[in-house]
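Data block below; observations after.
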Amino acid sequence: MADIARVGVVGCGQMGAGIAEVCARSGLEVMVAETTGEALEIGRTRLHNSLSKAAERGKITAEERDETLARLSFTTDLGEFADRDLVIEAVVENEQVKTEIFQVLDQVVTRQDAILASNTSSIPLVKLAVATSRPDQVIGIHFFNPAPVQKLVELIPALTTSDETVKRSEALVQDVLGKHPIRAQDRSGFVVNALLIPYLLSAIRMFESGIASREDIDNGMELGCAHPMGPLKLSDLIGLDTVASVADSMYAEFKEPLYAAPPLLQRMVDAGRLGRKTGSGFYPYS
Ligand SMILES: C[C@H](O)CC(=O)SCCNC(=O)CCNC(=O)[C@H](O)C(C)(C)COP(=O)(O)OP(=O)(O)OC[C@H]1O[C@@H](n2cnc3c(N)ncnc32)[C@H](O)[C@@H]1OP(=O)(O)O
């Protein structure tokens, strides 16, 4: 995919940093944007630490780590994305925030055939597409956490997305990033979350009703079904705010009771216990 060489990633939280790492390790030149200098420094440190860990574990050489770092640049000004061939937005799951970012990207990205992608788990892609003057070039490219590890990427064309945009995105994901793409329609939850979220919510309901302890619920799925991590640990990894917002948007779309977030999940979000990223969720993290 020689036509995509310069990538912009908006947001450097756990998903944005992971996506930036995957792209830079694949040889692409990546610019990462955050809203403030402080957030940018946190993101930069996250990326440095992850690449250093990969080098320590022998997954990449020290030379590859340095080359990857040299392909990464950082900015707080989206205006610097003018020359990007592809931009992947990976900010909070908030429709208004994402819509505003797509409006800005539409103004600043000068390359006429640039792809504007979102890593959203739950916002309808068509809403982001119609916020731009190039709705045929907007697509969902959805990575899984941790992005450097998980092999899957979901591709979600909006009703307006052109076949050309889908083909170029698929080629990038498969041939350049070395991930396995699957396609899904622009319906809340796509493929994976439509199956995963009701399972996670069921585990939270089970814990809330006192049927079993958190450890026994997680051990049940790890030791009984060979899942790499149980549903409560996985919810903590994803982030309870993200689990709740994906559930809410799936419930809003389908009115399916299985997608309704249990009260405990909302209370934990309100308390700021969002999982690993805040040091406390179903489990403590220090
Ligand atoms: C909600 C969204 O829209 C969609 C989603 O993201 S849904 C969430 C999908 N993710 C999952 O289901 C995660 C399931 N869990 C797992 O795959 C594994 O438990 C895990 C990879 C997170 C950790 O694996 P585990 O064996 O417990 O720990 P650990 O030995 O430290 O890591 C295994 C490998 O992953 C790597 N790894 C773990 N976390 C990593 C990270 N954040 N970044 C990079 N590499 C990482 C380790 O370096 C290690 O690599 P190696 O085996 O080559 O040395």
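This one's a predicted model, so the numbers in the text were calculated from it and none came from an experiment. Note that ligands are numbered from 1 as they come in the structure, with each ligand's atoms numbered from 1 the same way.
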**Prompt:** With sequence neighbours excluded, what pairs up with Glu253 under the salt bridge (Lys or Arg N to Asp or Glu O under 4.0 Å) test?
**Reply:** none
**Asked** Using a threshold of 4.0 angstrom between heavy atoms of the protein and any atom of ligand 1, which residues qualify?
**Response** Arg57, Lys59, Ser121, His142, Phe144, Asn145, Pro146, Pro148, Val149, Gln150, Asn193, Leu196, Pro228, Met229, Leu234, Leu237, Ile238
**Request:** Give a yes or no on this: more than 12 heavy atoms of other residues, nucleotides or ligands lie within 6.0 Å of atom CZ of Arg267.
**Result:** no
**Listed partners of Arg65 passing salt bridge (Lys or Arg N to Asp or Glu O under 4.0 Å), at least two apart** = none
**Request:** Classify the ring geometry between Tyr283 and Tyr285 as parallel (under 30°), tilted (30 to 60°) or perpendicular (over 60°).
**Result:** perpendicular
**Message:** Among residues at least two apart in sequence or on other chains, which ones pass side chain to side chain donor-acceptor pair (under 3.5 Å) with Thr120?
**Reply:** Glu93
**Request:** Answer yes when Arg276 and Asp236 have at least one side-chain N-carboxylate O distance shorter than 4.0 Å, and no when they do not.
**Result:** no
